[in-house]
Amino acid sequence: ETGVTQSPTHLIKTRGQQVTLRCSSQSGHNTVSWYQQALGQGPQFIFQYYREEENGRGNFPPRFSGLQFPNYSSELNVNALELDDSALYLCASSSSRVNTEAFFGQGTRLTVV
Amino acid sequence: TQLLEQSPQFLSIQEGENLTVYCNSSSVFSSLQWYRQEPGEGPVLLVTVVTGGEVKKLKRLTFQFGDARKDSSLHITAAQPGDTGLYLCAALRGAQKLVFGQGTRLTINP
C-alpha cells in the first residue's frame, strides 16, 4: 500500500512569485486535505478536495487555490507569495469526506525570501 | 484564541520518568484525536477517543477523554528517548476540517 507522498520536500521562492505543491494520495483514498503548519504551531486547515471538487475551506485568502485530478492526486497553488507563507505544507488523504482517519504526507517546507 | 489549548507547550524530562500532557477546550467535541509528529515528517495518528470518560492504551501511552468531552489527556509511563516529538491534539469541526492545538514539544533525555 503506497502512502501519501508530497513533492518537492523543500522549496525556496521569492516574495511575489507563485508556487505549486503536489500530493499523491494513499491508494484507495478519494479525499485530500491541505494544511499549513507555521513554525511552532499546529497545522491549520486550508481546504479539502473530494472527487475533484472543493469540499470545504479554511480561513485562507483566494490566492490559495487547489485542484484534484481524476486519480485523486492534488495540487496546492499559492499566488503572490508573502513572507508569512513560509511554512510546512501538509497534505492528508482519507477514504471519505469525514476525516475520521487522515494519513499525512511528510510535507513540503516552503521558504519565502 | 485557540479552540484547543495544549499544555505544557514544552516539556523536557529524563528517560524513565512519567508525564502527562493536556488538551483543553470550552467546546464539546464528538471525538478527539492525538497525533505525534517527528521533525521533517507529517503527523501520525495515535488514537481517536469518542466516548466521554473513555480511556485508551497504546503500550506505555494512556489517553483519556474527559467526561464532558471538552478535554483530553495523554499520559506516558516510563518515557523513552523514542517518545520525543511534537504531540498534537485535534478535533473535527464540520465533516472535513481538523482543528489542531499548538502542540506539546516533548524531549526525553537519555
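Proteins get letters first, then strands, A, B, ... in listed order; numbering begins at 1 in each. Side chains are part of it too, since the values below use all heavy atoms of this structure and drop only hydrogens, waters and symmetry mates.
The neighbour count for A:Leu83 CG, taken as heavy atoms of other residues, nucleotides or ligands under 6.0 Å away, is above 12. Atom CD of A:Glu53 is surrounded by 12 or fewer heavy atoms from other residues, nucleotides or ligands within 6.0 Å. More than 12 heavy atoms of other residues, nucleotides or ligands sit less than 6.0 Å from atom CZ of B:Arg60.
Both B:Leu58 and B:Trp34 belong to a single network of hydrophobic side chains, linked directly or stepwise wherever heavy atoms of I, L, V, M, F, W or Y lie under 4.5 Å apart. Cluster membership check: A:Val32 does not share its hydrophobic cluster with A:Phe103, using side-chain heavy-atom separations under 4.5 Å among Ile, Leu, Val, Met, Phe, Trp and Tyr. Residues A:Tyr89 and A:Leu67 are members of separate hydrophobic clusters, defined by side-chain heavy-atom contacts under 4.5 angstrom among Ile, Leu, Val, Met, Phe, Trp and Tyr.
Taken to the nearest 0.5 Å, the CD atom of B:Gln102 stands 11.5 Å off from the CD atom of A:Gln44. Note that CG of A:Leu90 is 10.5 Å distant from CD of B:Glu41, once rounded to the nearest 0.5 Å.
Contact of B:Leu86 with chain A is made through the side chain alone, with heavy-atom distances under 4.5 Å.
Contact detail for A:Gly42 and B:Leu88: the closest heavy-atom pair is CA-CD2, 3.9 Å.
Ranking B:Cys89, B:Gly103, B:Pro43 against chain A, the residue ahead of the rest is B:Pro43, based on heavy-atom pairs under 4.5 Å.
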As a quick check of understanding, evaluate side-chain hydrogen bond (donor to acceptor under 3.5 Å, both in side chains) for A:Gln37 and B:Gln37, giving each step before the final call. CA-CA 12 Å; A:Gln37 187 175 22; B:Gln37 185 178 20; 2.9 Å; yes
What's the verdict on side chain to side chain contact (heavy atoms under 4.5 Å, CB included) for A:Tyr35 and B:Leu98, showing C-alpha distance, side-chain angles and the deciding distance? CA-CA 9 Å; A:Tyr35 291 82; B:Leu98 274 175; 3.1 Å; yes
After noting the C-alpha distance and the side-chain angles of A:Glu101 and B:Thr48, does the key distance pass the side chain to side chain contact (heavy atoms under 4.5 Å, CB included) rule? CA-CA 9 Å; A:Glu101 189 167 12; B:Thr48 301; over 6 Å; no
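Checked against a 6.0 Å centroid threshold, the rings of A:Phe45 and B:Phe100 do not count as neighbours.
Residues passing the salt bridge (Lys or Arg N to Asp or Glu O under 4.0 Å) test with B:Arg36 are B:Glu38, sequence neighbours excluded.
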